[in-house]
Amino acid sequence: MHVKIKSDAKAVGQWVGEYIAARINDYKPTADRPFVLGLATGSTPIPTYETLIQLNKAGKVSFEHVVTFNMDEYVGLPQSHPESYYSFMWKHLFDHINIKKENVHILNGNAPDLDKECRDYEDSIKKFGGMEIIIGGIGVDGHIAFNEPGSSLVSRTRCQPLLHETRLVNSRFFDNDINQVPTHAVTMGVATVTDSREVLLLVTGHNKAEALSRIVEGSVSHWWTASVLQLHENSTVICDEPACARLQVGTYKYFKEIDG
Ligand SMILES: N[C@@H]1[C@@H](O)[C@H](O)[C@@H](COP(=O)(O)O)O[C@@H]1O
């Protein structure tokens, strides 16, 4: 696991956006061989999406042959709801780049048969040959996608109940009213994420400091599901200075020296 430490959230977004654009360009995607990209929601990836939009508008990267799979979606929230992850993705990225609508995949949290929806999603990722890169954020409890603490580290895409704490944190998007926050989500499993050939984990802000230290310095544990990235052969955590507040000085210095 690599750890790159940048000054702030904007610098993280700049680095990750430029890196993804370079990876897409190196891959030279075509209609028959698209670049398959896993994407996340939350406030953390917004600066990355802003960078990708700028690069796309400047003609430096094209999404014509990019296929995307989003990590998760709320269950029971209408797609048109401003806080659905569907709305989020179109508002913050897809509406501003040259991606084809049919190349965008987001789990349907209103599917009549959620188990089938999740199985079909896994099949669809496989049909495209798996993901080249996936980017994710983390919850303050170290969850990746909606794989709450205690999720199996070999879990696959499924419907998952949300913890009270997660709903409380996310209530800031729902008029600070926890009762408006859905109780369940459909989410890629931990193993669905780690099947990606490369994983980029974005961690910004002081409120993620405890989670970052657990993931980087702690043991691999289902209580901090993102810690599984220690076992991935190509994973990188890109974090900002405030998120490093709980790292040991030696850890901080080591990664500054090794990964920049
Ligand atoms: N399901 C999402 C996660 O994918 C995201 O990483 C997390 C953190 O969000 P933020 O980046 O806003 O802190 O929020 C939700 O729980």
Side-chain angles (χ1 to χ4, degrees), residues 6 8-13 16-17 37-51 68-77 81-89 91-93 105-109 118 121 131 133-151 155 157-174 176 178 180-190 192-194 196 199-212 214-215 224-229 235-240 242-243 245:
K6 304 288 164 195
D8 54 23
K10 200 171 173 337
V12 169
V16 177
L37 179 62
L39 295 173
T41 55
S43 42
T44 309
I46 291 177
T48 296
Y49 296 155
E50 287 169 355
T51 302
T68 64
F69 284 91
N70 259 81
M71 277 184 164
D72 46 14
E73 177 60 285
Y74 288 117
V75 168
L77 202 63
H81 190 287
E83 294 306 330
S84 77
Y85 287 172
Y86 178 94
S87 298
F88 176 99
M89 287 309 300
K91 178 177 167 198
H92 290 286
L93 183 64
H105 301 85
I106 302 177
L107 281 155
N108 177 5
C118 293
Y121 205 66
M131 293 178 282
I133 300 190
I134 187 165
I135 64 165
I138 47 168
V140 289
D141 58 7
H143 70 237
I144 187 160
F146 264 132
N147 293 289
E148 297 280 34
S151 294
S155 52
T157 304
R158 69 204 184 291
C159 181
Q160 165 87 7
L162 299 180
L163 290 183
H164 180 79
E165 285 79 356
T166 297
R167 293 178 63 227
L168 203 58
V169 170
N170 287 4
S171 66
R172 69 190 193 279
F173 300 116
F174 293 85
N176 289 313
I178 191 170
Q180 290 181 38
V181 185
T183 57
H184 288 71
V186 271
T187 178
M188 282 185 186
V190 178
T192 320
V193 173
T194 53
S196 176
V199 183
L200 304 180
L201 191 73
L202 284 50
V203 186
T204 58
H206 190 269
N207 62 332
K208 304 287 173 65
E210 164 80 4
L212 184 68
R214 297 283 190 153
I215 289 160
W224 298 87
T225 51
S227 64
V228 74
L229 295 182
S235 68
T236 306
V237 175
I238 306 98
C239 56
D240 68 356

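Values below: all heavy atoms of this structure, side chains included; hydrogens, waters and symmetry mates excluded. Starting from 1, each residue takes its place in the sequence as its number. Just so you know, these numbers come straight off a predicted model, no measurement behind them. For ligands, and for the atoms within them, numbers begin at 1 and follow the listed sequence.
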Exercise. Is a side-chain donor-acceptor pair under 3.5 Å present for Ser84 with Ser87?
Worked result: yes

Exercise. Atom OG1 of Thr41 and atom CG of Asn70: how far apart are they, to the nearest 0.5 Å?
Worked result: 7.0 Å

Exercise. So which protein heavy atom does atom 15 (C) of ligand 1 come closest to, and at what separation?
Worked result: Tyr85 OH, 3.6 Å

Exercise. For the residue pair Val75 and Cys159, what are the closest heavy atoms and their distance?
Worked result: CG2-SG, 4.1 Å

For this session: Specify side chain, backbone, both or neither for Ala185, according to which of its non-hydrogen atoms lie closer than 4.0 Å to ligand 1.
Result: neither

Problem set entry | Nearest neighbour in protein (non-hydrogen) for atom 5 (C) of ligand 1 | Thr41 O, 4.1 Å

For this session: May I ask you to test the Leu212-Val237 pair for a side-chain heavy-atom distance under 4.5 Å?
Result: yes

Exercise. What is the nearest protein non-hydrogen atom to atom 16 (O) of ligand 1, stated with its residue, atom name and distance?
Worked result: His143 NE2, 2.8 Å

For this session: Determine whether the side chains of Thr166 and Glu148 contain a donor N or O and an acceptor N or O closer than 3.5 Å.
Result: yes

For this session: Verify, without hydrogens or angle tests, whether Gln160 (side chain) and Asn147 (backbone) share a donor-acceptor contact under 3.5 angstrom.
Result: no

Problem set entry | Region of Met188 that comes within reach of ligand 1 [heavy atoms, distance under 4.0 Å] | neither

Exercise. For ligand 1, is any non-hydrogen atom under 4.0 Å from Tyr74's backbone (N, CA, C, O), its side chain (CB onward), both, or neither?
Worked result: neither

For this session: Using a strict 4.0 Å cut-off to heavy atoms of Ile138, name the atoms of ligand 1 that fall inside it.
Result: 6 (O), 8 (C)

Problem set entry | Between Thr192 and Arg158: side-chain donor-acceptor atoms closer than 3.5 Å | no

Exercise. Any N or O on Thr166 sitting closer than 3.5 Å to an N or O of ligand 1?
Worked result: no

For this session: Report yes if the side chains of Ile135 and Leu39 come closer than 4.5 Å at any heavy-atom pair, otherwise no.
Result: yes

For this session: Could you say whether the N/O atoms of Arg172 and ligand 1 ever approach to under 3.5 Å?
Result: yes

Problem set entry | Nearest-neighbour protein heavy atom for atom 9 (O) of ligand 1, which is reported as residue plus atom name and distance | Gly42 CA, 3.9 Å

Problem set entry | Proximity winner for atom 3 (C) of ligand 1, if only heavy atoms of Ala145, Pro45, Ala211, Ala226 are counted | Ala145

Exercise. Heavy atom under 4.0 Å from ligand 1: found in Thr44's side chain, backbone, both, or neither?
Worked result: both

Exercise. With under 30° as parallel and over 60° as perpendicular, where do the rings of Tyr74 and Phe146 fit, or are they tilted in between?
Worked result: tilted

Exercise. For ligand 1, which atoms, with element, lie under 4.0 Å from some heavy atom of Gly137?
Worked result: 6 (O)

Problem set entry | Per-atom contacts, ligand 1 versus Asp72 - under 4.0 Å to a heavy atom | 1 (N), 2 (C), 4 (O)

Seminar exercise, completed: Distance col, row Lys10:NZ vs Ile46:CD1, nearest 0.5 angstrom, shows 13.5 Å

Problem set entry | His81-Phe174 aromatic ring centre distance below 6.0 Å | yes

Exercise. For atom 13 (O) of ligand 1, what is the nearest protein heavy atom, given as residue, atom name and distance?
Worked result: Lys208 NZ, 2.7 Å

Problem set entry | Per-residue contact class, Val140 against ligand 1 - non-hydrogen pairs under 4.0 Å | neither

For this session: Could you tell me the residue and atom name of the protein heavy atom closest to atom 12 (O) of ligand 1, and the distance to it rounded to 0.1 Å?
Result: Ser43 OG, 2.6 Å

Problem set entry | Close approach, Arg167 and ligand 1, non-hydrogen under 4.0 angstrom | no

Exercise. Do His92 and Tyr49 have ring centres separated by under 6.0 Å?
Worked result: no

For this session: Just let me know how Ala40 lines up against ligand 1, side chain, backbone, both or neither, with a heavy-atom cut-off below 4.0 Å.
Result: neither

